[in-house]
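Reviewing the structure listed below.
What's counted below: heavy atoms across the whole structure, side chains too, no hydrogens, waters or symmetry copies. Each chain gets a letter, A, B and so on, in the order its sequence line appears, and its residues count up from 1.
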Protein chains: 2
Amino acid sequence: MRKAQYTMQDIANQLGISKSTVSRALKNHPDISQETKDAVNKLAEEMDYQPNSLALSLRHKKSFVIGIIVPEIVHDFFANVISGVQSVAYEEGYNVMICISNESPEQEEVDVKAMYSSRVDGLLISLTKETKKLKHIESIVNKGVPLVMFDRVSENINVSKVITDDFQGAFMATDHLVKQGCKKIVHLSGPDNLSISSLRLNGYKDALSKNNIPVDDNLIIPCPEGTLSEATKTMKSIINSNLEFDGIFANNDVTAIGAMNALKELGKKVPEDISIVGFGDWRLSQLLDPPLSSIEQSGINIGVESAKLLFKQIKEEENDKEFTPITKVVQNNLIERKSSIK
Amino acid sequence: MRKAQYTMQDIANQLGISKSTVSRALKNHPDISQETKDAVNKLAEEMDYQPNSLALSLRHKKSFVIGIIVPEIVHDFFANVISGVQSVAYEEGYNVMICISNESPEQEEVDVKAMYSSRVDGLLISLTKETKKLKHIESIVNKGVPLVMFDRVSENINVSKVITDDFQGAFMATDHLVKQGCKKIVHLSGPDNLSISSLRLNGYKDALSKNNIPVDDNLIIPCPEGTLSEATKTMKSIINSNLEFDGIFANNDVTAIGAMNALKELGKKVPEDISIVGFGDWRLSQLLDPPLSSIEQSGINIGVESAKLLFKQIKEEENDKEFTPITKVVQNNLIERKSSIK
DNA sequence: TTGTACGCGTTATCAT
DNA sequence: ATGATAACGCGTACAA
């Protein structure tokens, strides 16, 4: 038995009243008599009436949908961000439309247009690695759609941004190792062209300085690819070169794991001989043997903070107020398993 | 400089023509003169006109959006499913609206209603662990919205379903171990109440039988919680009990890792002494030391197949044809690192 | 207390 | 080749 898709008009017809009365009854308008309300509600229930939010959105010029565009989704960080965004959106009574640009600037452009076409009330976006042109972003911003960029942001546009504090995270990680008694800490650094690499490197250097430990350039080992095999290979050659060190701060979780594998393979014990802290996914870290300490790029927090900022902006927009773009910096969390620290 | 949100009417006014002409010009209707088209397109470009798909959807009673509801998103399987769905949807010219029920049946109900409210043209859903009532599902199905359930499906409703072949996967895993020379294969089994547990157990048993290896109930070890600590603890006691075995087929990736940790801790070598194959996330498996062979629950394939089935259904619906629900079974993949197999 | 009429942005139908 | 009008489903100012 298939029911049709009823509208208010259908209810009105069956009850011999006008659709405006139905509309008012449904939203419990004080002018409507109780018996009319009862009749309408009863029939609506029977018919399993559900409002058409397309019509609503068109009417109100407001969709109660926010959009989010991420470069990829099969990645704990972005999945966490989305999760955080969702939770805030639900509280505000908004739905979330998600697009995955798949690291393609062309797709990103299409996505932004699609988002505007469906008249999202606000947009969250993390840019593709290759995004250079920002015309599509400017376009939607010019139309007055509140927009917040997160994590992969661009400096060439004046919009609100939410980013993680890579410097602070790196500082925290290095400081943590020092506090554990490490004196000679290796840093597995990331690719030069990414700003996160230099931020993390600087955090590492700064933590050493603050602890009166001289920075030794020999301890800074580049791992530009950031792959497991590269890290493993690099670490092995470092160990074999008899470089002395008692701790490792890895630029990401994969290099941290690679380092651990290399150490174990060459008979070193983690964390008894060498302590490791890496940036990245702590869930992964916890499954390792032994679990690693890790600096979590707190995806959920990024999501929550971005969404909050967006809604703030949406509300200002509704009240025709000026909104000055803000850059929010979210702190990283050091996830630590005590047992894994020497 | 903020541009307004222009409509066709705005273009028409500026050009002193009617909005219907604009509409036709924009979609390159043959009746319209070339010069009018040029003028319209030029102005549309200048104004950065973007169509309002809300109005379009209302008009056509078709939104070109499909919905997907997943219980969680911070989980490689579901993230992969979404990724697969997106790729198919893009090809078909559809957008995807994602909701996360967060394993809450109440949220799931809200989500389904929201999806219908925004008049998605089709819905993909994987149920919450606790979902018992299916009224919300029946409701949207009765309204004629094409729906496909995937992975977490219910037997109590006649809709299209896409599931993984757990039996086949378990068979494949066990058979693989036998082919590697294993004779006494332990199975770490899952919770009794889930059908996947018994399916996997049966696949395990069947593979042994087909290879003329008697099933030994002592080798079937329950790990109902499926946690790392449970698996580690259980495996240790098994090893200490001097039970003889040379291979492990784990019900999931986490128990596989737990087993590996236990083995290594007690001085056994993987895979030299014991080979392990687990169901689950192969990316995780590859980061382990040594990498584990794993039976991947192919999320992308599930996503792709589900979406394809949904679009098939959407098209039949458009042509007022009958559509008989189908259950599709997606095969699992064995992800293998040759080096890790003895 | 309820009904009428209009508009949100678009397209299809029917005129001209 | 172009314009006027109605319709999609809803809410609301205005009228009764």
Between [atom2] of [N] and [atom1] of [X], the distance in whole Å:
X       : N     : atom1 : atom2 : value
B:Leu58 : D:dA7 : CG    : P     : 14 Å
A:Asp10 : D:dG9 : CG    : C1'   : 10 Å
A:Gln5  : D:dG9 : CD    : C1'   : 12 Å

A:Asp31 side chain, from C-beta outward: closest of D:dC10, C:dT11, C:dT1
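The listed nucleotide nearest to A:Asp31's side chain is C:dT1.
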
Among C:dT11, C:dC8, D:dC8, find the nucleotide with the atom closest to the side chain of B:Lys19.
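Nearest to the side chain of B:Lys19 among the choices is C:dT11.
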
Base [N] to side chain [X], donor-acceptor N/O within 3.5 Å cut-off:
X       : N     : answer
B:Thr21 : D:dA1 : no
A:Ser20 : C:dT4 : yes
B:Arg24 : D:dG3 : yes

Between B:Lys143 and B:Ser139, does a side-chain hydrogen bond (donor to acceptor under 3.5 Å, both in side chains) hold up when you go through it step by step?
CA-CA 7 Å; B:Lys143 294 202 169 66; B:Ser139 165; 3.3 Å; yes

Apply the test side-chain hydrogen bond (donor to acceptor under 3.5 Å, both in side chains) to residues B:Asn41 and B:Glu45: give CA-CA distance (whole Å), side-chain angles for both, the deciding distance (0.1 Å), then the verdict.
CA-CA 6 Å; B:Asn41 284 318; B:Glu45 179 81 15; over 6 Å; no

Assign B:Ile17 to base, sugar-phosphate, or nothing according to its heavy-atom contacts below 4.0 angstrom with the strands shown.
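Answer is sugar-phosphate: B:Ile17 comes under 4.0 Å of backbone atoms only.
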
Between B:His60 and B:Glu35, which has a closest nucleotide on DNA chain D that is more 5'?
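By nearest-heavy-atom nucleotide position, the 5'-most residue is B:Glu35.
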
